[in-house]
Amino acid sequence: MHKFTKALAAVGLAAVMSHSAMAAENPKLGFLVKQPEEPWFQTEWRFADKAGKDLNFEVIKIAVPDGEKTLNAIDSLAANGAKGFVICTPDPRLGPAIMAKARSYDMKVIQVDDQFVNAKGKPMEEVPLVMMAATKIGERQGQELYKEMQKRGWKAADTGVMAITADELDTARRRTSGSMDALKAAGFPEKKIYKVPTKSNDIPGALDAGNSLLVQHPEVKNWLIIGMNDNTVLGGVRATEGQGFKAANVIGIGINGVDAVNELSKSAQTGFYGSLLPSPDIHGYKSIQMLNEWVTKGVEPPKFTEVTDVVLITRDNFKEELKKKGLM
């Protein structure tokens, strides 16, 4: 009887060890996004799943459109045995609350797309972040604008830059500053770059900002339009249309790509020339791959991982490029 009991105990111990090994090999990791209906985040999720299949971990995907759902999601992840999560927060100001909750469960956290800020509004740089390189993508915007201006044979004397800004947002400031710096580096005169703040980073806000700038500079014949995303640039384009500028005299290049599809699908050319499409596929795969390394091997990720892969999409190539990333 004693031998039999010992044998059972040995089998039980082996089963527990086997289960523990499996759990260690196949951890559960969360991936929380603020807008799951958006193609960008659907692509992030799809590539996070691919990483899970490639690297043997389970991805728990949860939508977190507001603060309450975000904190509830962390509770849910903990209840399901998740060891950490990647999050694109619905509000950067939730950072301290998210981190306090995560620490209470001993969960590891990587931010993607948007950076947490603390109670003083300063970036929480101690939390690892995977993010589009804001300054570099801004520089690329400026470079592409200058390249198209040269192609059209515009003279700097006849051209102005409508720089629609939102400097209170760090990402927006870095993008537009990068764009303006690239234009100056290419030889565009600084005095012809006109900054105008927008009250909101959407089409109506940028339209109002653009209109207020255009009336101040009736001497400008051609406009280059920069902004922190597709919609701010589209708002600037709409302003030029409303004040009688033809598409041939306007070049707007946005950032994000997915919000430019309707505009680029129009049969007639507009002043919106194209958009810089980042890489949600890389964001989704790389962020959770890094989290898995951290959880399973103790390899702490860098505090900031820049994603610099972007492609310029125009009317000529947007369908093909969006399909490559699963966005169409």
request  = Report the distance from atom CG of N222 to atom NZ of K155, rounding to the nearest 0.5 Å.
outcome  = 11.0 Å
note = d(E38 CD, T43 OG1) to nearest 0.5 Å is 10.5 Å
inquiry  = According to a hydrophobic-cluster definition based on side-chain heavy atoms being under 4.5 Å apart (Ile, Leu, Val, Met, Phe, Trp, Tyr only), do L214 and L234 belong together?
reply    = yes
inquiry  = What I want to find out is whether D281 reaches K50 closely enough, with some N-O distance under 4.0 Å, to be called a salt bridge.
reply    = no
message = Would you say N211 and Q243 are linked by a side-chain donor-acceptor pair, where the criterion is simply a distance under 3.5 Å?
response = yes
ask   = Hey, mind stepping through F47 and F31 against side chain to side chain contact (heavy atoms under 4.5 Å, CB included) and telling me if it holds?
value = CA-CA 11 Å; F47 279 86; F31 203 115; over 6 Å; no
ask   = With the threshold set at 4.0 Å, does a side-chain nitrogen-carboxylate oxygen contact exist between D170 and R173?
value = yes
V33 reachable from M290 in the ILVMFWY side-chain graph, under 4.5 Å edges = yes
ask   = What about M228 and L207, same hydrophobic cluster or not, with Ile/Leu/Val/Met/Phe/Trp/Tyr joined at side-chain heavy-atom distances under 4.5 Å?
value = no
For the student: nearest non-hydrogen atoms of W223 and M162, plus distance = CE3-N, 3.7 Å
task = Return yes when atom CZ of R152 has more than 12 non-hydrogen atoms of other residues, nucleotides or ligands closer than 6.0 Å, and no otherwise.
result = yes
message = Applying side chain to side chain contact (heavy atoms under 4.5 Å, CB included) to E44 and H283, what does each step give before you reach the verdict?
response = CA-CA 6 Å; E44 283 191 342; H283 287 217; 3.3 Å; yes
ask   = Does L169 reach the side chain of R175, with side-chain heavy atoms less than 4.5 Å apart?
value = no
request  = Look only at the side chain of Q111 and the backbone of V127, and say whether a donor-acceptor pair between them is shorter than 3.5 Å.
outcome  = yes
query = Do R140 and L312 come within less than 4.5 Å of each other through their side chains, counting heavy atoms only?
reply = yes
ask   = Taking 4.0 angstrom as the limit, do E190 and K184 come out as a salt bridge?
value = yes
task = Go through Q141 and L276 one step at a time and tell me if the side chain to side chain contact (heavy atoms under 4.5 Å, CB included) criterion holds.
result = CA-CA 7 Å; Q141 184 186 49; L276 294 172; 3.8 Å; yes
task = Would you check if there is a donor-acceptor pair between the side chains of S265 and N262 at a distance under 3.5 Å?
result = no
ask   = Looking at R238 and E241, does any basic side-chain N land under 4.0 Å from a carboxylate oxygen?
value = yes
ask   = Between T270 and E263, does any side-chain donor sit less than 3.5 Å from a side-chain acceptor?
value = yes
Residue pair T314 / Y273, side-chain heavy-atom distance below 4.5 Å = yes
ask   = If you draw a 6.0 Å radius around CD in E126, do more than 12 non-hydrogen atoms from other residues or ligands fall strictly inside?
value = yes
ask   = Given the rule that I, L, V, M, F, W and Y join up when any side-chain heavy atoms are under 4.5 Å apart, are I62 and F57 in one cluster?
value = no
task = Check V86, I60, I110, N292 against L29 for a side-chain contact (heavy atoms from CB on, under 4.5 Å) and give me the one that passes.
result = N292
query = Of all heavy-atom pairs between I164 and A209, which one has the smallest distance, and what is that distance?
reply = CG2-CB, 4.5 Å
inquiry  = Any carboxylate oxygen within less than 4.0 angstrom of a Lys/Arg side-chain nitrogen, looking at E321 and K325?
reply    = no
ask   = Which distance, rounded to the nearest 0.5 Å, do you find between the CD of Q115 and the CE of M124?
value = 9.5 Å
key: E293 side chain to G298 backbone, donor-acceptor under 3.5 Å   = no
request  = Decide yes or no for F85 and I98: does some side-chain heavy atom of the first lie under 4.5 Å from some side-chain heavy atom of the second?
outcome  = yes
remark   = Between V64 and P90 the two heavy atoms that sit nearest each other are O-CG, 3.2 Å
key: Qualifying side-chain hydrogen bond (donor to acceptor under 3.5 Å, both in side chains) pairs, either residue in residues 74-90, two or more places apart   = D75-K101, D75-Y105
request  = Heavy atoms only: give me the nearest S179-I226 pair and the separation to one decimal.
outcome  = OG-CG2, 3.3 Å
task = Please collect all salt bridge (Lys or Arg N to Asp or Glu O under 4.0 Å) contacts where either partner lies in residues 209-221, sequence neighbours excluded, each pair once.
result = none
remark   = Residues I313 and G257: closest non-hydrogen pair is CD1-CA, 3.8 Å
ask   = Any side-chain heavy atom of L145 sitting closer than 4.5 Å to one from F188?
value = no
key: Linked, directly or transitively: I87 and I288 (ILVMFWY side chains, under 4.5 Å)   = no
ask   = Are any of the side-chain nitrogens in E320 or K323 under 4.0 Å away from the carboxylate oxygens of its partner?
value = no
remark   = Taken to the nearest 0.5 Å, the spacing of I137 CD1 from T135 OG1 works out to 11.0 Å
query = Would you find more than 12 non-hydrogen atoms of other residues, nucleotides or ligands less than 6.0 Å from K266 atom NZ?
reply = yes
task = Could you pull out the closest heavy-atom pair between D202 and G205, with the gap in Å?
result = OD1-N, 2.9 Å
remark   = So CG of N229 and OG1 of T171: to nearest 0.5 Å the spacing works out to 11.0 Å
message = Using side chain to side chain contact (heavy atoms under 4.5 Å, CB included), reason through R46 and D49 one step at a time and then give a plain yes or no.
response = CA-CA 5 Å; R46 188 161 62 253; D49 275 335; 5.7 Å; no
ask   = Any chance NZ of K61 has more than 12 other-residue heavy atoms, nucleotides or ligands included, within less than 6.0 Å?
value = yes
message = I want to check something: taking the side chain as every heavy atom from C-beta on, are K147 and E144 in contact at a cut-off of under 4.5 Å?
response = yes
inquiry  = Do the side chains of D113 and K34 get close enough for a salt bridge, i.e. N-O under 4.0 angstrom?
reply    = no
request  = In sequence, state the C-alpha distance, the side-chain angles, and the governing distance for K136 and E139, and then conclude on salt bridge (Lys or Arg N to Asp or Glu O under 4.0 Å).
outcome  = CA-CA 5 Å; K136 287 178 183 172; E139 289 170 354; over 6 Å; no
query = Can you tell which of T176, T165, D167 makes a side-chain hydrogen bond (donor to acceptor under 3.5 Å, both in side chains) with K195?
reply = D167
task = Mark yes or no for whether S287, through its side chain, and V130, through its backbone, hold a donor-acceptor pair below 3.5 Å.
result = no
task = Using a 4.5 Å cut-off on heavy atoms from C-beta on, say whether the side chain of Y194 contacts that of V161.
result = no
query = Can you tell me if K192 uses its side chain to pair, donor with acceptor, with the backbone of G160 under 3.5 Å?
reply = no
query = Quick one: CD1 on I253 to CZ on F272, what's the gap to the nearest 0.5 Å?
reply = 8.5 Å
